[in-house]
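Single-structure report; data block below.
Numbers here are sequence positions counted from 1. In this text, all values refer to a predicted model and were calculated from it rather than measured experimentally. Numbering of ligands and ligand atoms starts at 1, following listing order.
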Amino acid sequence: MERIPVAGPWITDREVAYLSDAVRTAWYGDANRYQLRFEEAFKTYVSRRYAIALPSATSAIHLALAGLGIGPGDEVIVPEATSIATSAPIGYVGATPVFADIDPQSWCLSPASFESCITPKTRAVIVVNLYGGMPDMDAIDAIADRHGLAMIEDAAESVGAEYRRRRAGSFGAASVFSFNGSKTVTTGEGGMLLSDDETLYRRALVLRDHGRTPSSKAFWNQEVAFNYRMSSLQAALGLAQVERVNELVERKQQIFGWYREALDGVTGVTLNYAGPMVVNAYWMVTAVFDPRLGLGKEAAGKALSDDGIDTRPFFYPLSSLPAYAKLPQAREAASWNRNAYDISPRAINLPSALSLTRSQVGYVCERLGLLLRRQQAA
Ligand SMILES: *Cc1c(COP(=O)(O)O)cnc(C)c1O
């Protein structure tokens, strides 16, 4: 029997056609055609003034931080529950990540914890729209404003999500998306930096192009910077995907609906939350097990894997990772960031690939239901 994948794209003839065209024609003086079209289409979808296609969301966060002038001696606050891709770039610019707790319902940054992490060194906060959900943007925005902090929105997982009818990716000084193979819109690997701030946009353009200003003569670099361009092949794939974005997002929401229905009446499991102001894009259907079950994420993942079902563990709290073991704040974070440390050990991402069928979701829910009942009986 074929394994049920945890994530994966939906590719049609449109993607294949654009990609074939790009690989044949997008060279020489025409080499940027697909990047420009992809940036235009994506920023229109999100409602942002500027967009820059990049090799990854990681590089987009790096450029946002560097473009905002954040560096050594500065602190940047991030939620515990996210990919290290959110926090790693803070280290790239020589600044220090500070880990804040998550809200127990949305699993996104807790406004109160964010505020309690602010020190005179804090320069910015990176909010994360976890698994397609949204944080309490109004509260976070107000706190950031009051303290004069820049907000960066890590919208990598949330294409299609909305908060108060505003699309994910339209918040803060800058926002980023990821198009890696597991994401709703994919280019294989890829990312996008978006902003409404022309100064930040122009600065990011220079930084991604080896410190070359658009007006400078060839090979006349003003400073040492980065090489962060997306290829036309990736952009062609991305353009085809963004032209189908509504279909992709609706499919994610449909998959979540199948799970919700199939798990209706099953006790001991909580799925993704969408607050009254939120449209959740359900990038990853996520199951949090009732603590009374004593069912850990690794045990659950193993049991489902034995049934041919691929899952992912909920993100480990960043402060618990060996990568941050030397950071003094990380050692204290476990006792402060109670929600992240409580939820993470008992939550998993269920299969959410765009190729899933309703009967595959039915099978996953049947096996999961059985696992929960066995656990209850134990
Ligand atoms: C996928 C992801 C990223 C990283 O994206 P890359 O394009 O692989 O760099 C960043 N943040 C979050 C929340 C993600 O899920």
Exercise for the section: Verify ring pair (Phe, Tyr, Trp, His ring centres under 6.0 Å) between F179 and F42, making sure each step is shown before the conclusion. Expected result: CA-CA 12 Å; F179 308 123; F42 201 83; 5.2 Å; yes

Fill in the blank from the handout: atom 1 (C) of ligand 1 has as its nearest protein heavy atom K183 NZ, 1.6 Å

Completion exercise
the protein heavy atom lying closest to atom 8 (O) of ligand 1 turns out to be N180 ND2, 3.6 Å

Exercise for the section: Kindly indicate whether a cation-pi arrangement holds for K43 with F38, taking the cut-offs as under 6.0 Å to the six-membered ring centre and within 45° of the axis. Expected result: no

Exercise for the section: Could you tell me whether the side chains of H210 and E223 share a donor-acceptor contact shorter than 3.5 Å? Expected result: no

Exercise for the section: Look only at the side chain of E153 and the backbone of F171, and say whether a donor-acceptor pair between them is shorter than 3.5 Å. Expected result: yes

Exercise for the section: Name the closest protein heavy atom to atom 5 (O) of ligand 1, giving the residue it belongs to and the distance to 0.1 Å. Expected result: S178 OG, 3.1 Å

Exercise for the section: Would you please indicate if the ring centroids of Y131 and Y273 are separated by under 6.0 Å? Expected result: no

Problem - Candidates D103, V125, T82, V78 - the one meeting side chain to side chain contact (heavy atoms under 4.5 Å, CB included) with L109 - result: V125

Problem - Location of contacts on T58 toward ligand 1, heavy atoms closer than 4.0 Å - result: both

Problem - Polar contact flag for T82 and ligand 1 (N/O pairs, less than 3.5 Å) - result: no

Fill in the blank from the handout: If you scan protein heavy atoms around atom 15 (O) of ligand 1, the nearest is E157 OE2, 2.4 Å

Exercise for the section: Under 4.0 Å, heavy atoms only, figure out whether ligand 1 is touched by the backbone of A156, its side chain, both or neither. Expected result: side chain

Practice task
Answer yes or no: does an N/O atom from A57 fall short of 3.5 Å to an N/O atom of ligand 1?
Solution key: yes

Handout entry: Ionic contact status for R202 with E198, cut-off 4.0 Å
Key = yes

Practice task
Considering only non-hydrogen protein atoms, determine which one is nearest to atom 11 (N) of ligand 1 and report residue, atom name and distance to 0.1 Å.
Solution key: D154 OD2, 2.7 Å

Practice task
Look only at interatomic distance and state if E189 has a nitrogen or oxygen under 3.5 Å from any nitrogen or oxygen of ligand 1.
Solution key: no

Handout entry: Ionic contact status for R49 with D196, cut-off 4.0 Å
Key = no

Exercise for the section: May I ask whether G190 has any heavy atom positioned less than 4.0 angstrom from an atom of ligand 1? Expected result: yes

Practice task
List every atom of ligand 1 that sits less than 4.0 Å from any heavy atom of V128, numbering the atoms from 1 in the order shown and giving each element.
Solution key: 13 (C)

Handout entry: For atom 4 (C) of ligand 1, the protein heavy atom that lies nearest, with its residue and separation
Key = A85 CB, 3.3 Å

Residues 330-337 side chain polar contacts: donor-acceptor under 3.5 Å, at least two apart:
unit_1, atom_1, unit_2, atom_2, d
R331, NE, A325, O, 3.4
R331, NH2, K326, O, 3.4
S335, OG, E332, O, 2.8
N337, OD1, D101, N, 3.2
N337, ND2, E80, OE2, 2.7
N337, ND2, F99, O, 3.0

Handout entry: Sub-3.5 Å N/O-N/O distance, W283 and ligand 1
Key = no

